[in-house]
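Written below as structure tokens is the structure these notes are about.
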There are 2 protein chains.
Amino acid sequence: MATIKDVSSESGFSIATVSRVVNNPDLVARSTRERVQRAISNLGYVPNSAARMLHKQTASYGGLVSSSFGTEYHSTIAEGVEVAFQETRLLCINVGSNMTAEGELEAYRLLTNFQCKAIVLHSDRLELEILKRLMHENPSLAVVGRCVDGFEKRCAYVDNFEVGRGAARHLLACGHRYVGQVLGHEEYSVTRVRSQGFTQVIEDAGFGTDPLPQFSANFSQVTAAERVESFLVAQPNVTALFCHNDQMAWGVMDYCKRAGVRIPQDLAIIAVDDLKLSQFMKPRLSTIALPLNQIGYTAGRLALAGALDNVKISGLQNLIGHKLIVRDTT
Amino acid sequence: MATIKDVSSESGFSIATVSRVVNNPDLVARSTRERVQRAISNLGYVPNSAARMLHKQTASYGGLVSSSFGTEYHSTIAEGVEVAFQETRLLCINVGSNMTAEGELEAYRLLTNFQCKAIVLHSDRLELEILKRLMHENPSLAVVGRCVDGFEKRCAYVDNFEVGRGAARHLLACGHRYVGQVLGHEEYSVTRVRSQGFTQVIEDAGFGTDPLPQFSANFSQVTAAERVESFLVAQPNVTALFCHNDQMAWGVMDYCKRAGVRIPQDLAIIAVDDLKLSQFMKPRLSTIALPLNQIGYTAGRLALAGALDNVKISGLQNLIGHKLIVRDTT
DNA sequence: CTGTTAGCGCATTCAC
DNA sequence: GTGAATGCGCTAACAG
């Protein structure tokens, strides 16, 4: 890798001059500029971003930490963030967190050290106290996926308690009395909150048990398909299931198809997300739709607003609405 | 942001000692270490990655440059890359290229400056000569999505010429004689190569026109839905369409549903990718399946192999197979 | 218009 | 065991 020094000796000018032709070409004489530029392309010189960032207080990057790249859920949110950053001409850097709290933190640190102008942290596992500290330190940090109290204005989130309540009300309205849940990762805050909302409504209606019939499938289709059979055997009275995301619902439906369990007659299903596939499968999945792309975009704008003065967020709702979509599975 | 200097003065020890407790705790006396560590946590000190990278010749990151985060196509490949990196305990940094050649290059440079151990470049637009130069310079760079001659062994790619030929043969076998194409971005190499393969077979069969009826829709569902009507009006004899990806096929099908065009009776469709949705829609989409996740994983391994000695790639196929899946649209 | 110099934060010799 | 000094590559004063 050629450095600025190499260009300097190759062209015969000082490194300062080389730096100028790269950053402020107008400040340098035409003939000099041309000779330096020739040296630059001869050597294939490209400025080292690390050194640049070390020196300057800013860079043209926006950062996103996300636990995974592959799922539609994560990638749709990521796309929204990316669009927001692009509007401000920031290159978007997306760092995976390997689904651990340490990974989330490491990814975040990396991004701050890279001098990202704005950072969106899609945090599932980090402790609330740490999150608060980070948001306190860094005004251009926005959080997606959960609400950090005291910093609500910089979180793009869904009222997951209300999502859980909505699912329960719908199942009750359909006449179900003995209902269960398929949970995502139990350590994730979203899982706890949705479960609390769901449980509250069921209990208030007088149909609660402690605990409610439930099992965890880590938000994964395959895992849900594997675990649902033994659950159903142990809980033969359950007539409806609240799946904490669409993918786990798909897994349950995979099993039901194989096992001859009829949906919704034998088992009703309500889920959360409304991924693309859910309206096309048979039967079509009833679900609580989340505007994922908008969530990401909002978070991106929020982060940007903390960094740049000219970014307006008036009229931007950071508490994102959700919507029950009743289809064939309930 | 606290720096190593702050920790130094807070603890009363030199910055060298602080550096040691961070990187080589064993080299420092227990009591000193403890006092320094206390200072570190008081100040919330975290080493600056940029400075670190500037000094060291290596870091624990793997990099990916990808033109977009949101599509299933890109995110599935990205997931494969991420998994490969994770196996070697590298955090994966994914930088968007904003779909421009300059963006691809800038993203790549960023990643090298960050001292990424291995880099996967999902390049659609960069000129071949530049690509060759980069691969020559950097042995731990792998390319995904196309084949760079002279560096085949470090490319994870599909034989797109053969993909185009396969699509044409299938359409011919179905009895179609007057066929057209829906192209992706015309600047992308993948578009050119698939088109050449397709055209060759059609011409060899004696049904070629110059050019073939075709239009571009930038790999986008919405764009395809918008543009297909005027195309069909101008080309009323076309009975079958080769869409260069599933998403554009979906767009065409959206239009056909609205316009009352029957598939496959009035218009047959063959596409490429086999995204999740394609087997569930009605009618189910005939398509040439690409193992996207495997492509990404392979590219990740290839890049790693160029960087680390202990990464084995024996038995790893870098020319990835594709497979025609005939469903309802042909 | 161009060159010299200091310093960004850190890891690493080399002395002590 | 610990500290002082050097340099990674670059930009931004400050001189000339």
Side-chain angles (χ1 to χ4, degrees), chain A residues 1-40 43-61 106 109-117 137, chain B residues 1-40 43-61 106 109-117 137:
Chain A
M1 281 271 102
T3 77
I4 199 170
K5 264 188 187 163
D6 301 324
V7 180
S8 167
S9 43
E10 167 91 4
S11 67
F13 290 91
S14 74
I15 61 166
T17 300
V18 176
S19 177
R20 279 192 205 97
V21 341
V22 172
N23 298 291
N24 288 86
D26 302 337
L27 299 182
V28 57
R30 178 187 246 285
S31 66
T32 310
R33 195 193 323 158
E34 282 168 359
R35 283 167 58 190
V36 171
Q37 266 157 353
R38 189 156 33 245
I40 285 178
L43 273 52
Y45 166 73
V46 177
N48 181 308
S49 336
R52 227 170 180 161
M53 291 181 310
L54 187 59
H55 183 93
K56 313 227 294 193
Q57 208 48 288
T58 177
S60 298
Y61 309 120
E106 185 180 351
R109 290 303 184 188
L110 181 68
L111 260 11
T112 59
N113 291 157
F114 285 0
Q115 313 289 3
C116 285
K117 278 226 177 64
E137 286 174 359
Chain B
M1 282 274 104
T3 77
I4 199 171
K5 266 188 187 165
D6 300 324
V7 180
S8 167
S9 43
E10 168 90 5
S11 67
F13 290 92
S14 73
I15 62 167
T17 300
V18 175
S19 178
R20 281 191 204 98
V21 342
V22 172
N23 298 290
N24 287 86
D26 301 337
L27 299 181
V28 58
R30 178 186 245 285
S31 67
T32 310
R33 193 193 322 158
E34 282 170 358
R35 282 165 60 189
V36 170
Q37 266 158 351
R38 188 154 36 245
I40 286 178
L43 272 51
Y45 165 73
V46 178
N48 181 308
S49 335
R52 223 168 183 163
M53 290 180 311
L54 187 59
H55 183 92
K56 312 227 294 191
Q57 208 50 288
T58 178
S60 299
Y61 308 118
E106 184 179 352
R109 291 303 184 186
L110 181 68
L111 259 13
T112 60
N113 291 158
F114 285 0
Q115 313 290 4
C116 285
K117 276 224 177 66
E137 286 173 359

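Proteins get letters first, then strands, A, B, ... in listed order; numbering begins at 1 in each.
- Rounded to whole Å, the distance from CG on B:Asn24 to P on C:dA11 is 10 Å.
- For the pair A:Thr3/A:Asn48, no side-chain contact is recorded, criterion being any heavy-atom separation below 4.5 Å from C-beta on.
- Nucleotides of DNA chain D with any atom under 4.0 Å from a heavy atom of chain B span, from 5' to 3', D:dG1 to D:dG9.
- The distance between atom CG of B:Asp6 and atom P of C:dG9, rounded to the nearest whole Å, is 8 Å.
- Nucleic acid contact class of B:Ser19 (heavy atoms, under 4.0 Å, all strands): base.
- Atom NE2 in B:His55 sits about 8 Å away from atom P in C:dT13, given to the nearest Å.
- Contact of the B:Arg20 side chain with the B:Thr32 side chain is not registered, since no non-hydrogen atoms from C-beta on lie closer than 4.5 Å.
- Between A:Glu34 and A:Arg38 there is no salt bridge, since no side-chain N of the basic residue sits under 4.0 Å from a carboxylate O of the acidic one.
- Within the nucleic acid shown, A:Ala16 comes within 4.0 Å of at least one base atom, counting heavy atoms only.
- C:dG9 atom P lies 18 Å from atom NZ of B:Lys56, rounded to whole Å.
- Nearest-nucleotide positions on DNA chain C for A:Thr17 and B:Ala51 put A:Thr17 closer to the 5' end.
- Within 6.0 Å of CZ in A:Arg33 there are more than 12 heavy atoms belonging to other residues, nucleotides or ligands.
- A:Ile15 places its CD1 atom 11 Å from the C1' atom of C:dA6, with the value rounded to the nearest Å.
- Across the interface with DNA chain D, nearest-nucleotide mapping of A:Val22 and B:Ser31 shows B:Ser31 to be the residue nearer the 5′ end.
- Note: CG (A:Asn23) to C1' (C:dC1) measures 17 Å, nearest angstrom.
- Closest to the side chain of A:Thr32, out of C:dG3, C:dC1, C:dT12, is C:dC1.
- Not one side-chain nitrogen or oxygen of A:Arg20 sits closer than 4.0 Å to the OP1 or OP2 atom of C:dT2.
- Per the geometry, CZ belonging to A:Phe114 stands 16 Å off P belonging to C:dG9, to the nearest Å.
- Rounded to whole Å, atom P of C:dG7 lies 18 Å from atom CD1 of B:Ile4.
- Side-chain contact check for B:Phe13 versus B:Val28: every heavy-atom pair is 4.5 Å or farther apart.
- Ring centers of B:Tyr61 and B:Phe114: at least 6.0 Å apart, outside the cut-off.
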